[in-house]
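Report on the structure given below.
Bear in mind that the values here come from a model prediction, so they are computed numbers and not experimental data. Computed from heavy atoms alone, side chains included, the values below leave out hydrogens, waters and symmetry copies.
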Amino acid sequence: MRAGLAACGLWLVACAPQPVTPPTSTPILIEGGVVEGRVVRAGALQLALPSPTPWVARSGSTLLAAYPFQLLIYQDGLIQESQPLPGVPAFVRAKPLPLVGLEDRLFVPGLGTLPYKAKDALYTKEGVYWIDQQGLYLGRRLLAEGRFSFLAASERYVYAFGREALRLPDNLRVPLPAGVQAAVVQDDLYVLTSEGIYRLSPEGLQLGFRAGVYKGLETDGTYLYTLEAGRLRTLQLNLDTAHRLELQAGMANTRPLFRLEVP
């Protein structure tokens, strides 16, 4: 019995994140909810991370929490794996498949490290798409030269965003509103700018617009999620407000976890 307790203690020590993780003072948007400090709230999912981290991402039942030299993988709110990282994270992606960007390489669970110094990257069933200052790549193959800021994907398309978007695999150039900050891809393309959220066709035709000052953009395929004045805002895919229980980001611990949004 004592041996079992000792082994459990060693496992917990191995899972303890490094103390040099940067502090997080504002809510972090994830699919379906937010992370505040070390507390994750997303729909029915509520859990406490070992310590705060800005590198958190969610896809369905999978949650990734990256720390300097360590990656924690949760399933349905329970920790499943603790994997060593060869450095300090720069970004983390949970979808299409898990991936962590480091300063000078990428880390893919199950594949290990890849020697790509990427500004952004996505792990898909076709492989790893990534961008640097020169262009867009799939693995070691340069697909397109140009200055891209970030990537987003659906099961059908991968988009590389700059002043316009390059859509793969058909290499279509898609016009964008000015100053795109974030995007998600469903049947339509949703992009966030300083003016609000645009709904575009896959070819860039404007289908809708919601004015406002928002931060971040996520989707679970049914709803869109963003932050407005530090509060989680849930939208339907037509950009109307979704009338459902929403999480109040930035709340005190003594206040209710959820609020009912009314028009």
Side-chain angles (χ1 to χ4, degrees), residues 27-35 40-45 56-63 93-96 120 122 124 148-170 172-251 257-263:
I28 299 169
L29 180 69
I30 60 173
E31 178 191 296
V34 296
V35 181
V40 178
R41 298 184 178 93
L45 173 65
V56 185
R58 181 187 182 216
S59 178
S61 61
T62 300
L63 182 89
R93 301 285 180 260
K95 53 189 175 184
D120 194 13
L122 294 175
T124 74
F148 301 103
S149 300
F150 65 93
L151 302 171
S154 65
E155 292 186 1
R156 184 178 181 185
Y157 295 122
V158 173
Y159 289 82
F161 291 86
R163 296 183 65 180
E164 60 182 4
L166 175 63
R167 190 180 78 184
L168 299 174
D170 56 0
L172 179 70
R173 296 282 177 171
V174 178
L176 296 173
V180 172
Q181 303 167 1
V184 296
V185 188
Q186 293 295 310
D187 291 336
D188 295 325
L189 177 62
Y190 299 86
V191 298
L192 172 67
T193 74
S194 60
E195 299 175 337
I197 300 172
Y198 289 83
R199 179 188 177 192
L200 308 176
S201 73
E203 293 73 35
L205 177 66
Q206 183 173 328
L207 303 177
F209 174 70
R210 183 184 180 96
V213 179
Y214 302 108
K215 181 179 179 181
L217 193 61
E218 294 284 348
T219 186
D220 58 8
T222 302
Y223 295 102
L224 301 173
Y225 303 93
T226 187
L227 295 176
E228 183 180 25
R231 183 180 67 186
L232 181 69
R233 177 71 69 187
T234 304
L235 305 176
Q236 298 180 47
L237 296 183
N238 64 3
L239 299 182
D240 288 343
T241 298
H243 300 288
R244 60 194 296 265
L245 290 176
E246 285 197 344
L247 173 64
Q248 175 75 38
M251 69 185 71
L257 290 179
F258 297 94
R259 58 179 285 275
L260 179 63
E261 182 178 325
V262 294

Check whether [X] reaches the backbone of [Y] with its side chain - one donor and one acceptor, N or O, closer than 3.5 Å.
X	Y	result
Arg58	Gly60	yes
Asp220	Gly32	no
Tyr225	Val34	no
Thr193	Val180	no
Arg233	Glu228	no
Arg167	Val174	no

Less than 4.5 Å apart, side chain to side chain, heavy atoms only: is that true for [X] and [Y]?
X	Y	result
Glu218	Ile30	no
Gln181	Tyr214	no
Leu232	Leu29	yes
Leu200	Pro177	yes
Pro202	Asp188	yes

*Quick one: sort the Phe150 and Phe161 rings into parallel, tilted or perpendicular, breaks at 30° and 60°.*
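Phe150 and Phe161: parallel rings.
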*Given Tyr198 and Leu176, is the side-chain contact (heavy atoms from CB on, under 4.5 Å) satisfied, shown in steps?*
CA-CA 9 Å; Tyr198 289 83; Leu176 296 173; over 6 Å; no
*Charged N-O contact under 4.0 Å between Lys95 and Glu31*: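 Counted as a salt bridge, because a side-chain N and a carboxylate O are separated by less than 4.0 Å.
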Closest contact, heavy atoms only, [X] versus [Y]:
X	Y	answer
Gln186	Gly221	OE1-CA, 3.3 Å
Ala152	Ala183	CB-O, 3.8 Å
Ala153	Val158	CB-CG2, 3.9 Å
Phe148	Gly162	CD2-N, 4.2 Å

Could you state the interatomic distance from [atom1] ([X]) to [atom2] ([Y]), rounded to the nearest 0.5 Å?
X	Y	atom1	atom2	result
Leu224	Thr219	CG	OG1	5.0 Å
Leu237	Tyr190	CG	OH	4.0 Å
Arg199	Leu235	CZ	CG	12.0 Å
Gln236	Thr222	CD	OG1	11.0 Å
Leu189	Tyr157	CG	OH	11.5 Å
Leu217	Leu192	CG	CG	6.0 Å

*side-chain contact (heavy atoms from CB on, under 4.5 Å) assessment of Leu166 paired with Arg173*: CA-CA 5 Å; Leu166 175 63; Arg173 296 282 177 171; 3.8 Å; yes
*Got more than 12 heavy atoms from elsewhere within 6.0 Å of CG, Asp187?*
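Check fails, neighbour count at 12 or below.
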*Apply side-chain contact (heavy atoms from CB on, under 4.5 Å) to the pair Val185 and Arg156, showing each step before the final yes or no.*
CA-CA 9 Å; Val185 188; Arg156 184 178 181 185; over 6 Å; no
